[in-house]
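See below for the structure under consideration.
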Amino acid sequence: MLEARALEVSYGESLALRGVNFTVREGELVTVIGANGAGKSTILRTIMGLVKCRKGEIYFQGENITFTAPHHRARMGISLVPEGRRVFGDLTVVENLRMGAYVKKNRKEIDSAMEEAFHLFPVLRERRRQVGKTLSGGEQQMLAIARSLMSKPRMILMDEVSLGLMPLYVEETFNVIGKLHEQGVTIFLVEQNARKALQAADRGYVLETGEIVMSDTSGNLAADPMIKKAYLGA
Amino acid sequence: MIWQQLANGISVGSVYALISLGLTMVYGILRILHVAHAGIYTLGAYVGLLSFRLVDNFWLSLFAGMVGAAVAGYLVERFLYTPILHLSRIAPLIASIGLFTAMEEAFRIVAGPHTLVYNARVGLGDLAIGSFRLTETQVLILLVSFLILLFLWLFLTRSRMGLAMRACALDLETASSFGVNVSAIIAMNFIIGSLMAGAAGVLIGVYDNQVWPTMGSIPAYKALAIVVLGGLGSIPGTVLASIIVGLSETFFIGVLSIPFPRDAVAFIAMILVLMFRPYGLLGKA
Ligand SMILES: Nc1ncnc2c1ncn2[C@@H]1O[C@H](COP(=O)(O)OP(=O)(O)OP(=O)(O)O)[C@@H](O)[C@H]1O
Ligand SMILES: [Mg+2]
(Lines give C-alpha, C1' and ligand atoms only; values in the text may rest on other atoms or scores of the structure.)
(Ligands and ions follow the chains in the order given, each with its own letter.)
Protein backbone atom coordinates (compact mmCIF):
# COMPACT_ATOMS: atom_id res chain seq x y z
CA MET A 1 0.00 0.00 0.00
CA LEU A 2 2.81 2.36 0.93
CA GLU A 3 6.33 2.10 -0.32
CA ALA A 4 9.26 4.43 0.22
CA ARG A 5 12.40 4.05 -1.84
CA ALA A 6 15.74 5.56 -0.86
CA LEU A 7 14.17 8.53 0.92
CA GLU A 8 16.58 11.30 1.71
CA VAL A 9 15.39 14.27 3.73
CA SER A 10 17.45 17.17 4.98
CA TYR A 11 16.76 20.18 7.15
CA GLY A 12 19.10 22.76 5.74
CA GLU A 13 22.47 21.04 5.51
CA SER A 14 21.90 18.24 8.00
CA LEU A 15 20.54 14.95 6.73
CA ALA A 16 17.64 13.61 8.81
CA LEU A 17 16.91 10.57 6.62
CA ARG A 18 19.77 8.91 4.74
CA GLY A 19 18.23 6.73 2.10
CA VAL A 20 15.42 4.97 3.92
CA ASN A 21 13.41 2.09 2.39
CA PHE A 22 10.24 0.69 3.88
CA THR A 23 6.90 -0.77 2.88
CA VAL A 24 3.57 -1.02 4.62
CA ARG A 25 1.10 -3.49 3.17
CA GLU A 26 -2.66 -3.07 3.19
CA GLY A 27 -4.09 -3.79 6.63
CA GLU A 28 -0.74 -4.05 8.34
CA LEU A 29 0.28 -2.40 11.57
CA VAL A 30 3.90 -1.41 11.26
CA THR A 31 5.98 0.42 13.83
CA VAL A 32 9.20 2.39 13.74
CA ILE A 33 11.28 2.49 16.88
CA GLY A 34 14.31 4.63 17.44
CA ALA A 35 15.98 7.02 19.85
CA ASN A 36 15.18 10.72 20.12
CA GLY A 37 16.24 12.50 16.98
CA ALA A 38 16.53 9.28 14.96
CA GLY A 39 14.15 10.67 12.35
CA LYS A 40 10.87 8.91 13.21
CA SER A 41 8.71 12.00 13.02
CA THR A 42 10.48 13.03 9.86
CA ILE A 43 9.42 9.76 8.22
CA LEU A 44 5.76 10.36 9.06
CA ARG A 45 5.90 14.00 8.01
CA THR A 46 7.47 13.03 4.72
CA ILE A 47 4.71 10.49 4.05
CA MET A 48 2.12 13.18 4.76
CA GLY A 49 3.97 15.57 2.45
CA LEU A 50 4.75 18.16 5.13
CA VAL A 51 8.47 17.91 4.44
CA LYS A 52 9.90 17.45 0.99
CA CYS A 53 12.38 14.73 0.28
CA ARG A 54 15.39 15.67 -1.77
CA LYS A 55 15.89 12.17 -3.12
CA GLY A 56 13.82 9.03 -3.34
CA GLU A 57 10.22 8.19 -4.10
CA ILE A 58 7.02 7.46 -2.23
CA TYR A 59 4.24 5.28 -3.64
CA PHE A 60 0.76 5.06 -2.17
CA GLN A 61 -1.58 2.43 -3.63
CA GLY A 62 0.68 2.17 -6.61
CA GLU A 63 0.65 5.89 -7.31
CA ASN A 64 3.77 8.00 -7.12
CA ILE A 65 2.97 10.68 -4.54
CA THR A 66 6.48 12.03 -4.06
CA PHE A 67 5.44 15.47 -5.32
CA THR A 68 1.79 15.40 -4.29
CA ALA A 69 0.62 18.22 -2.00
CA PRO A 70 -0.41 17.27 1.55
CA HIS A 71 -4.07 18.13 1.01
CA HIS A 72 -4.23 15.76 -1.96
CA ARG A 73 -2.62 13.03 0.10
CA ALA A 74 -5.29 13.63 2.75
CA ARG A 75 -7.95 13.18 0.09
CA MET A 76 -6.29 9.93 -0.99
CA GLY A 77 -6.88 8.61 2.52
CA ILE A 78 -3.71 9.33 4.48
CA SER A 79 -4.17 10.83 7.91
CA LEU A 80 -1.59 11.96 10.46
CA VAL A 81 -1.83 12.23 14.24
CA PRO A 82 0.99 14.73 14.58
CA GLU A 83 3.65 14.74 17.26
CA GLY A 84 2.71 17.16 20.01
CA ARG A 85 -1.03 16.89 19.29
CA ARG A 86 -1.36 20.14 17.33
CA VAL A 87 -4.98 20.56 18.33
CA PHE A 88 -6.50 23.80 16.93
CA GLY A 89 -6.42 25.81 20.15
CA ASP A 90 -9.14 28.36 19.41
CA LEU A 91 -11.54 25.89 17.82
CA THR A 92 -14.01 23.92 19.88
CA VAL A 93 -13.81 20.15 20.19
CA VAL A 94 -16.61 19.79 17.65
CA GLU A 95 -14.87 22.16 15.24
CA ASN A 96 -11.60 20.29 15.64
CA LEU A 97 -13.40 17.08 14.76
CA ARG A 98 -15.05 18.76 11.79
CA MET A 99 -11.61 19.77 10.57
CA GLY A 100 -10.60 16.13 10.82
CA ALA A 101 -13.49 15.31 8.50
CA TYR A 102 -12.67 18.17 6.13
CA VAL A 103 -12.28 15.83 3.14
CA LYS A 104 -15.77 14.47 3.73
CA LYS A 105 -18.71 16.45 2.41
CA ASN A 106 -21.60 14.22 3.39
CA ARG A 107 -23.25 15.66 6.51
CA LYS A 108 -24.58 12.31 7.70
CA GLU A 109 -21.20 10.63 7.37
CA ILE A 110 -19.58 13.42 9.38
CA ASP A 111 -22.23 13.23 12.09
CA SER A 112 -21.89 9.48 12.45
CA ALA A 113 -18.09 9.74 12.54
CA MET A 114 -18.48 12.29 15.30
CA GLU A 115 -20.77 9.96 17.23
CA GLU A 116 -18.11 7.27 16.94
CA ALA A 117 -15.45 9.67 18.19
CA PHE A 118 -17.57 10.52 21.24
CA HIS A 119 -18.20 6.86 21.81
CA LEU A 120 -14.48 6.17 21.70
CA PHE A 121 -13.56 9.02 24.05
CA PRO A 122 -16.65 9.95 26.08
CA VAL A 123 -14.83 12.82 27.75
CA LEU A 124 -14.77 14.62 24.41
CA ARG A 125 -18.57 14.67 24.35
CA GLU A 126 -18.62 16.42 27.71
CA ARG A 127 -16.10 18.93 26.44
CA ARG A 128 -17.54 19.38 22.98
CA ARG A 129 -18.18 23.14 23.26
CA GLN A 130 -14.86 23.84 24.93
CA VAL A 131 -12.01 25.27 22.83
CA GLY A 132 -9.02 23.02 22.28
CA LYS A 133 -6.49 24.93 24.33
CA THR A 134 -8.62 24.63 27.47
CA LEU A 135 -8.48 20.82 27.42
CA SER A 136 -5.95 18.97 29.55
CA GLY A 137 -2.93 17.50 27.80
CA GLY A 138 -4.40 14.01 27.85
CA GLU A 139 -7.77 15.23 26.57
CA GLN A 140 -5.98 17.06 23.77
CA GLN A 141 -4.19 13.84 22.87
CA MET A 142 -7.53 12.03 22.67
CA LEU A 143 -8.93 14.83 20.55
CA ALA A 144 -5.92 14.59 18.22
CA ILE A 145 -6.49 10.86 17.76
CA ALA A 146 -10.25 11.23 17.29
CA ARG A 147 -9.72 14.08 14.82
CA SER A 148 -7.48 11.97 12.61
CA LEU A 149 -10.02 9.16 12.56
CA MET A 150 -12.87 11.43 11.43
CA SER A 151 -12.04 11.08 7.74
CA LYS A 152 -12.11 7.27 7.90
CA PRO A 153 -8.57 7.13 6.52
CA ARG A 154 -7.17 4.17 4.63
CA MET A 155 -3.86 4.68 6.29
CA ILE A 156 -3.21 6.39 9.57
CA LEU A 157 0.18 7.68 10.68
CA MET A 158 0.49 7.96 14.45
CA ASP A 159 3.32 9.89 16.07
CA GLU A 160 3.72 9.09 19.77
CA VAL A 161 0.00 9.02 20.45
CA SER A 162 0.29 7.65 23.97
CA LEU A 163 2.67 10.36 25.13
CA GLY A 164 1.39 12.15 28.22
CA LEU A 165 -1.57 9.86 28.72
CA MET A 166 -2.14 8.15 32.05
CA PRO A 167 -1.68 4.36 32.02
CA LEU A 168 -5.42 3.73 31.79
CA TYR A 169 -5.62 5.80 28.62
CA VAL A 170 -2.43 4.34 27.20
CA GLU A 171 -4.20 0.97 27.49
CA GLU A 172 -7.32 2.48 25.96
CA THR A 173 -5.37 4.04 23.10
CA PHE A 174 -3.68 0.78 22.27
CA ASN A 175 -7.08 -0.91 22.40
CA VAL A 176 -8.30 1.63 19.88
CA ILE A 177 -5.26 0.98 17.71
CA GLY A 178 -5.90 -2.74 17.96
CA LYS A 179 -9.53 -2.27 16.98
CA LEU A 180 -8.62 -0.14 13.99
CA HIS A 181 -6.14 -2.79 12.98
CA GLU A 182 -8.85 -5.46 13.19
CA GLN A 183 -11.11 -3.29 11.04
CA GLY A 184 -8.41 -3.40 8.40
CA VAL A 185 -7.10 0.15 8.68
CA THR A 186 -3.45 0.31 7.74
CA ILE A 187 -1.43 1.83 10.57
CA PHE A 188 2.06 3.22 10.71
CA LEU A 189 2.99 3.78 14.32
CA VAL A 190 5.85 5.68 15.92
CA GLU A 191 6.17 5.23 19.65
CA GLN A 192 8.47 6.02 22.54
CA ASN A 193 6.85 3.10 24.25
CA ALA A 194 8.67 0.44 22.17
CA ARG A 195 7.38 -2.43 24.27
CA LYS A 196 3.75 -1.53 23.63
CA ALA A 197 4.40 -0.72 20.01
CA LEU A 198 6.04 -4.08 19.35
CA GLN A 199 3.22 -5.87 21.16
CA ALA A 200 0.64 -4.23 18.91
CA ALA A 201 2.49 -4.28 15.61
CA ASP A 202 2.93 -6.97 12.98
CA ARG A 203 6.33 -5.73 11.90
CA GLY A 204 8.81 -3.13 12.91
CA TYR A 205 11.73 -1.08 11.68
CA VAL A 206 14.56 0.16 13.83
CA LEU A 207 15.79 3.60 12.92
CA GLU A 208 19.17 4.97 13.96
CA THR A 209 20.28 8.47 12.99
CA GLY A 210 18.31 8.48 9.79
CA GLU A 211 19.06 4.92 8.71
CA ILE A 212 17.07 1.74 9.05
CA VAL A 213 19.35 -0.72 10.78
CA MET A 214 16.92 -3.57 11.34
CA SER A 215 13.60 -4.77 10.00
CA ASP A 216 11.74 -7.85 11.18
CA THR A 217 8.50 -9.14 12.65
CA SER A 218 7.69 -7.56 15.99
CA GLY A 219 8.10 -10.88 17.73
CA ASN A 220 11.64 -11.29 16.47
CA LEU A 221 12.51 -7.67 17.23
CA ALA A 222 11.15 -7.95 20.76
CA ALA A 223 13.27 -11.06 21.29
CA ASP A 224 16.44 -9.54 19.89
CA PRO A 225 19.02 -9.01 22.66
CA MET A 226 20.28 -5.75 21.21
CA ILE A 227 16.75 -4.32 20.89
CA LYS A 228 15.95 -5.49 24.39
CA LYS A 229 18.94 -3.69 25.75
CA ALA A 230 18.56 -0.46 23.76
CA TYR A 231 14.79 0.04 23.57
CA LEU A 232 13.02 -2.25 26.00
CA GLY A 233 15.14 -1.48 29.02
CA ALA A 234 15.82 -5.11 29.81
CA MET B 1 -26.68 64.57 21.97
CA ILE B 2 -24.92 61.56 23.40
CA TRP B 3 -26.84 59.24 21.07
CA GLN B 4 -25.92 61.43 18.16
CA GLN B 5 -22.22 61.23 19.01
CA LEU B 6 -22.51 57.53 19.62
CA ALA B 7 -24.01 56.99 16.18
CA ASN B 8 -21.35 59.19 14.59
CA GLY B 9 -18.59 57.31 16.38
CA ILE B 10 -19.93 53.92 15.45
CA SER B 11 -20.32 54.80 11.79
CA VAL B 12 -16.73 56.07 11.65
CA GLY B 13 -15.62 52.98 13.55
CA SER B 14 -17.40 50.57 11.24
CA VAL B 15 -15.56 51.93 8.22
CA TYR B 16 -12.32 51.50 10.13
CA ALA B 17 -13.35 47.92 10.76
CA LEU B 18 -13.96 47.30 7.06
CA ILE B 19 -10.48 48.60 6.23
CA SER B 20 -8.63 46.94 9.11
CA LEU B 21 -10.15 43.47 8.89
CA GLY B 22 -8.29 42.60 5.70
CA LEU B 23 -5.05 43.64 7.34
CA THR B 24 -5.67 41.46 10.37
CA MET B 25 -6.79 38.49 8.29
CA VAL B 26 -3.69 38.62 6.13
CA TYR B 27 -1.49 38.98 9.19
CA GLY B 28 -3.33 36.14 10.89
CA ILE B 29 -2.55 33.68 8.14
CA LEU B 30 0.76 34.85 6.65
CA ARG B 31 2.26 36.99 9.45
CA ILE B 32 2.98 39.83 7.07
CA LEU B 33 1.93 43.47 7.30
CA HIS B 34 -0.02 44.13 4.12
CA VAL B 35 0.59 47.87 3.90
CA ALA B 36 -0.59 47.98 0.28
CA HIS B 37 -4.04 47.08 1.60
CA ALA B 38 -4.70 50.83 1.84
CA GLY B 39 -3.91 51.04 -1.87
CA ILE B 40 -6.57 48.40 -2.49
CA TYR B 41 -8.97 50.57 -0.51
CA THR B 42 -8.19 53.57 -2.73
CA LEU B 43 -8.51 51.43 -5.84
CA GLY B 44 -11.95 50.35 -4.66
CA ALA B 45 -12.97 53.99 -4.38
CA TYR B 46 -11.72 54.78 -7.90
CA VAL B 47 -13.34 51.73 -9.47
CA GLY B 48 -16.57 52.60 -7.66
CA LEU B 49 -16.45 56.19 -8.86
CA LEU B 50 -15.62 55.21 -12.43
CA SER B 51 -18.48 52.73 -12.61
CA PHE B 52 -20.81 55.24 -11.00
CA ARG B 53 -20.03 57.64 -13.81
CA LEU B 54 -20.66 54.88 -16.32
CA VAL B 55 -23.89 53.41 -14.99
CA ASP B 56 -25.15 56.12 -12.64
CA ASN B 57 -26.25 53.65 -10.00
CA PHE B 58 -24.72 53.74 -6.53
CA TRP B 59 -25.34 50.12 -5.58
CA LEU B 60 -23.81 48.84 -8.78
CA SER B 61 -20.81 51.08 -8.23
CA LEU B 62 -20.42 49.73 -4.69
CA PHE B 63 -20.46 46.23 -6.09
CA ALA B 64 -17.94 47.14 -8.80
CA GLY B 65 -15.63 48.79 -6.27
CA MET B 66 -15.68 45.67 -4.11
CA VAL B 67 -15.05 43.33 -7.02
CA GLY B 68 -12.29 45.55 -8.42
CA ALA B 69 -10.58 45.59 -5.04
CA ALA B 70 -10.95 41.83 -4.63
CA VAL B 71 -9.36 41.13 -8.01
CA ALA B 72 -6.48 43.49 -7.18
CA GLY B 73 -6.04 41.91 -3.75
CA TYR B 74 -5.90 38.46 -5.28
CA LEU B 75 -3.31 39.53 -7.87
CA VAL B 76 -1.15 41.12 -5.17
CA GLU B 77 -1.21 37.90 -3.18
CA ARG B 78 -0.45 35.65 -6.13
CA PHE B 79 2.19 37.69 -7.91
CA LEU B 80 3.78 39.83 -5.21
CA TYR B 81 3.65 38.05 -1.84
CA THR B 82 3.53 34.35 -2.67
CA PRO B 83 6.74 34.36 -4.74
CA ILE B 84 8.72 36.02 -1.93
CA LEU B 85 7.14 34.47 1.17
CA HIS B 86 10.03 32.08 1.68
CA LEU B 87 12.45 35.00 1.98
CA SER B 88 12.97 36.86 5.24
CA ARG B 89 9.92 38.46 6.81
CA ILE B 90 11.15 41.92 5.87
CA ALA B 91 10.95 41.19 2.12
CA PRO B 92 7.14 41.14 1.83
CA LEU B 93 6.96 44.24 4.03
CA ILE B 94 9.31 46.19 1.78
CA ALA B 95 7.50 44.93 -1.31
CA SER B 96 4.21 46.00 0.23
CA ILE B 97 5.38 49.52 1.01
CA GLY B 98 6.83 49.79 -2.48
CA LEU B 99 3.59 48.64 -4.05
CA PHE B 100 1.55 51.08 -1.97
CA THR B 101 3.69 54.02 -3.12
CA ALA B 102 3.55 52.80 -6.70
CA MET B 103 -0.24 52.50 -6.53
CA GLU B 104 -0.63 56.05 -5.25
CA GLU B 105 1.54 57.29 -8.12
CA ALA B 106 -0.46 55.23 -10.58
CA PHE B 107 -3.73 56.75 -9.35
CA ARG B 108 -2.19 60.21 -9.74
CA ILE B 109 -1.07 59.48 -13.29
CA VAL B 110 -4.25 57.77 -14.44
CA ALA B 111 -6.94 59.78 -12.66
CA GLY B 112 -5.10 63.05 -12.08
CA PRO B 113 -3.77 64.63 -8.87
CA HIS B 114 -6.95 66.50 -7.98
CA THR B 115 -9.91 65.23 -5.96
CA LEU B 116 -12.85 63.86 -7.89
CA VAL B 117 -16.40 64.14 -6.57
CA TYR B 118 -18.38 60.98 -5.87
CA ASN B 119 -21.78 62.55 -5.80
CA ALA B 120 -23.97 59.49 -5.63
CA ARG B 121 -27.65 59.51 -4.85
CA VAL B 122 -27.99 56.47 -2.69
CA GLY B 123 -31.76 56.56 -2.37
CA LEU B 124 -31.95 55.86 1.35
CA GLY B 125 -32.78 59.31 2.69
CA ASP B 126 -31.83 60.86 6.03
CA LEU B 127 -33.04 59.41 9.27
CA ALA B 128 -34.42 61.77 11.90
CA ILE B 129 -36.00 60.90 15.24
CA GLY B 130 -36.50 64.05 17.29
CA SER B 131 -33.15 65.79 17.55
CA PHE B 132 -31.33 62.57 16.67
CA ARG B 133 -30.30 62.75 13.05
CA LEU B 134 -28.37 60.50 10.74
CA THR B 135 -27.42 61.69 7.30
CA GLU B 136 -28.11 59.45 4.36
CA THR B 137 -24.44 58.50 4.04
CA GLN B 138 -24.27 57.61 7.73
CA VAL B 139 -27.27 55.36 7.35
CA LEU B 140 -25.57 53.86 4.33
CA ILE B 141 -22.32 53.23 6.18
CA LEU B 142 -24.05 51.67 9.18
CA LEU B 143 -26.25 49.50 7.00
CA VAL B 144 -23.55 48.28 4.62
CA SER B 145 -20.94 47.63 7.27
CA PHE B 146 -23.42 45.87 9.50
CA LEU B 147 -24.45 43.60 6.63
CA ILE B 148 -20.86 42.89 5.64
CA LEU B 149 -19.78 42.12 9.19
CA LEU B 150 -22.80 39.86 9.63
CA PHE B 151 -21.91 37.98 6.45
CA LEU B 152 -18.30 37.66 7.54
CA TRP B 153 -19.33 36.32 10.93
CA LEU B 154 -21.76 33.81 9.44
CA PHE B 155 -19.18 32.74 6.90
CA LEU B 156 -16.45 32.23 9.47
CA THR B 157 -18.59 30.43 12.03
CA ARG B 158 -21.08 28.50 9.92
CA SER B 159 -19.39 27.45 6.70
CA ARG B 160 -16.92 24.71 5.99
CA MET B 161 -14.56 27.11 4.29
CA GLY B 162 -14.84 29.61 7.12
CA LEU B 163 -13.84 26.88 9.54
CA ALA B 164 -10.87 26.04 7.34
CA MET B 165 -9.87 29.70 7.32
CA ARG B 166 -9.87 29.83 11.10
CA ALA B 167 -7.95 26.57 11.32
CA CYS B 168 -5.36 27.86 8.84
CA ALA B 169 -4.83 31.01 10.90
CA LEU B 170 -4.05 28.74 13.86
CA ASP B 171 -1.87 26.11 12.16
CA LEU B 172 -1.37 26.09 8.40
CA GLU B 173 0.57 22.85 8.33
CA THR B 174 -1.88 20.81 10.36
CA ALA B 175 -4.80 22.22 8.37
CA SER B 176 -3.11 21.12 5.15
CA SER B 177 -2.66 17.61 6.53
CA PHE B 178 -6.44 17.38 6.93
CA GLY B 179 -7.07 18.19 3.30
CA VAL B 180 -7.22 21.97 3.29
CA ASN B 181 -5.81 23.54 0.15
CA VAL B 182 -3.77 26.14 1.94
CA SER B 183 -2.99 28.33 -1.04
CA ALA B 184 -6.69 28.61 -1.88
CA ILE B 185 -7.40 29.65 1.70
CA ILE B 186 -4.63 32.24 1.62
CA ALA B 187 -6.10 33.65 -1.59
CA MET B 188 -9.52 33.66 0.06
CA ASN B 189 -8.19 35.76 2.93
CA PHE B 190 -6.94 38.37 0.49
CA ILE B 191 -10.16 38.30 -1.54
CA ILE B 192 -12.46 38.73 1.45
CA GLY B 193 -10.23 41.37 3.06
CA SER B 194 -10.07 43.28 -0.22
CA LEU B 195 -13.83 43.08 -0.78
CA MET B 196 -14.26 44.83 2.55
CA ALA B 197 -11.54 47.40 1.82
CA GLY B 198 -13.16 48.14 -1.55
CA ALA B 199 -16.50 48.67 0.16
CA ALA B 200 -14.82 51.00 2.67
CA GLY B 201 -13.23 52.98 -0.18
CA VAL B 202 -16.59 53.49 -1.88
CA LEU B 203 -18.35 54.36 1.39
CA ILE B 204 -15.74 56.95 2.34
CA GLY B 205 -15.70 58.29 -1.21
CA VAL B 206 -19.43 58.92 -0.97
CA TYR B 207 -19.34 60.09 2.65
CA ASP B 208 -16.64 62.70 1.98
CA ASN B 209 -17.95 63.15 -1.57
CA GLN B 210 -14.43 62.92 -2.87
CA VAL B 211 -11.84 60.47 -4.12
CA TRP B 212 -8.17 61.36 -4.40
CA PRO B 213 -4.88 59.54 -5.03
CA THR B 214 -3.54 59.62 -1.47
CA MET B 215 -6.82 59.00 0.34
CA GLY B 216 -5.29 55.74 1.58
CA SER B 217 -2.32 57.32 3.36
CA ILE B 218 -4.00 58.06 6.67
CA PRO B 219 -6.07 54.84 6.69
CA ALA B 220 -2.83 52.94 6.00
CA TYR B 221 -1.27 53.78 9.32
CA LYS B 222 -4.49 54.17 11.24
CA ALA B 223 -5.54 50.64 10.29
CA LEU B 224 -2.14 49.45 11.43
CA ALA B 225 -2.66 51.06 14.84
CA ILE B 226 -6.16 49.58 15.07
CA VAL B 227 -4.98 46.10 14.19
CA VAL B 228 -2.21 46.25 16.80
CA LEU B 229 -4.66 47.70 19.33
CA GLY B 230 -7.11 44.86 18.74
CA GLY B 231 -4.42 42.19 18.91
CA LEU B 232 -2.68 41.27 15.65
CA GLY B 233 -4.61 38.58 13.82
CA SER B 234 -7.71 38.77 16.01
CA ILE B 235 -10.89 39.45 14.03
CA PRO B 236 -13.16 40.28 16.99
CA GLY B 237 -10.33 42.38 18.46
CA THR B 238 -10.07 44.39 15.27
CA VAL B 239 -13.80 45.13 15.19
CA LEU B 240 -13.72 46.14 18.85
CA ALA B 241 -10.64 48.34 18.36
CA SER B 242 -12.18 50.01 15.30
CA ILE B 243 -15.31 50.95 17.20
CA ILE B 244 -13.28 52.18 20.17
CA VAL B 245 -11.12 54.37 17.93
CA GLY B 246 -14.17 55.67 16.04
CA LEU B 247 -15.91 56.54 19.29
CA SER B 248 -12.82 58.11 20.91
CA GLU B 249 -12.22 60.31 17.89
CA THR B 250 -15.80 61.48 17.92
CA PHE B 251 -15.94 62.07 21.68
CA PHE B 252 -12.55 63.66 22.23
CA ILE B 253 -12.76 65.96 19.26
CA GLY B 254 -16.50 66.35 18.80
CA VAL B 255 -17.73 66.53 22.39
CA LEU B 256 -14.83 67.70 24.50
CA SER B 257 -13.39 69.85 21.68
CA ILE B 258 -9.86 69.00 22.72
CA PRO B 259 -7.54 70.78 20.31
CA PHE B 260 -5.90 67.62 19.24
CA PRO B 261 -5.16 66.04 15.87
CA ARG B 262 -7.95 63.55 15.28
CA ASP B 263 -5.72 61.06 13.54
CA ALA B 264 -3.48 60.74 16.60
CA VAL B 265 -6.26 59.22 18.70
CA ALA B 266 -5.77 55.73 17.29
CA PHE B 267 -2.09 55.82 18.18
CA ILE B 268 -2.64 57.14 21.68
CA ALA B 269 -5.20 54.40 22.26
CA MET B 270 -2.74 51.86 20.88
CA ILE B 271 0.10 53.05 23.12
CA LEU B 272 -2.13 53.15 26.21
CA VAL B 273 -3.42 49.64 25.63
CA LEU B 274 -0.02 48.18 24.79
CA MET B 275 1.34 49.49 28.08
CA PHE B 276 -1.04 47.19 29.92
CA ARG B 277 -1.76 44.51 27.37
CA PRO B 278 1.30 43.92 25.18
CA TYR B 279 -0.69 41.68 22.81
CA GLY B 280 -3.54 44.13 22.32
CA LEU B 281 -7.14 43.92 23.47
CA LEU B 282 -7.94 40.39 22.31
CA GLY B 283 -4.54 39.25 21.03
CA LYS B 284 -2.61 36.15 21.97
CA ALA B 285 0.96 35.74 23.06
N1 LIG C 1 12.34 21.64 11.51
C2 LIG C 1 13.58 21.14 11.71
N3 LIG C 1 14.66 21.90 11.43
C4 LIG C 1 15.91 21.41 11.62
N5 LIG C 1 16.19 20.19 12.04
C6 LIG C 1 15.16 19.39 12.33
C7 LIG C 1 13.80 19.82 12.17
N8 LIG C 1 12.99 18.82 12.53
C9 LIG C 1 13.80 17.79 12.90
N10 LIG C 1 15.10 18.13 12.77
C11 LIG C 1 16.25 17.25 13.06
O12 LIG C 1 16.09 16.06 12.32
C13 LIG C 1 16.43 14.94 13.11
C14 LIG C 1 15.27 13.96 13.19
O15 LIG C 1 14.19 14.59 13.87
P16 LIG C 1 12.83 13.86 14.16
O17 LIG C 1 11.90 14.85 14.74
O18 LIG C 1 12.39 13.15 12.95
O19 LIG C 1 13.25 12.81 15.27
P20 LIG C 1 12.38 11.76 16.10
O21 LIG C 1 12.94 10.44 15.83
O22 LIG C 1 10.95 11.98 15.83
O23 LIG C 1 12.71 12.20 17.60
P24 LIG C 1 11.78 12.21 18.91
O25 LIG C 1 11.75 10.81 19.43
O26 LIG C 1 12.53 13.10 19.85
O27 LIG C 1 10.46 12.74 18.52
C28 LIG C 1 16.86 15.49 14.46
O29 LIG C 1 18.26 15.54 14.48
C30 LIG C 1 16.29 16.88 14.51
O31 LIG C 1 17.12 17.74 15.23
MG1 LIG D 1 9.38 12.59 16.91
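In the text below, chain A, chain B and the rest are named by the order of the sequence lines, each starting its count at 1. Here the structure is a predicted model, which is why all the values come from computation and not from measurement.
- Scanning residues 130-145 of chain A against chain B with a 4.5 Å non-hydrogen threshold yields A:K133, sorted by number.
- In this structure, chain B has no heavy atom under 4.5 Å from any part of A:R73.
- Contact detail for A:A74 and B:S177: the closest heavy-atom pair is CB-O, 3.5 Å.
- Using a 4.5 Å cut-off between non-hydrogen atoms, the part of residues 34-69 of chain A that approaches chain B consists of A:R45, A:M48, A:L50.
- Here A:I110 contributes atom CD1 and B:R160 contributes atom CZ; the two are 7.5 Å apart, rounded to the nearest 0.5 Å.
- For B:F151, the CZ atom counts as loosely surrounded, since its 6.0 Å shell holds 12 or fewer non-hydrogen atoms of other residues, nucleotides or ligands.
- Counting heavy-atom pairs under 4.5 Å between each of A:L80, A:V103, A:I78 and chain B puts A:V103 at the top.
- No more than 12 heavy atoms of other residues, nucleotides or ligands lie within 6.0 Å of CZ in A:R154, so this atom counts as exposed by the packing criterion.
- Here the CG atom belonging to A:D90 is positioned 9.0 Å from the CZ atom belonging to B:R166, to the nearest 0.5 angstrom.
- Using non-hydrogen atoms only and a strict 4.5 Å limit, no part of residues 20-43 of chain B faces chain A.
- Note that CZ of B:F178 is 3.5 Å distant from OG of A:S148, once rounded to the nearest 0.5 Å.
- Heavy atoms of other residues, nucleotides or ligands lying less than 6.0 angstrom from OH of A:Y11 number more than 12.
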Side chain to side chain contact (heavy atoms under 4.5 Å, CB included) between B:N181 and A:H71, intermediate numbers included: CA-CA 6 Å; B:N181 180 350; A:H71 66 275; 3.5 Å; yes

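- Nearest heavy-atom pair, B:A167 versus A:L91, reported as atom, atom and distance to 0.1 Å: CB-CD1, 4.0 Å.
- Looking at A:S151, there are no atoms closer than 4.5 Å to chain B (heavy atoms on both sides), in backbone or side chain.
- In this structure, chain A has heavy atoms under 4.5 Å from both the backbone and the side chain of B:A175.
- Contacts of residues 93-102 of chain A with chain B at a heavy-atom distance below 4.5 Å involve A:E95, A:R98, A:M99, A:G100, A:Y102, listed in sequence order.
- In A:F121, the CZ atom is crowded: over 12 heavy atoms of neighbouring residues, nucleotides or ligands sit closer than 6.0 Å.
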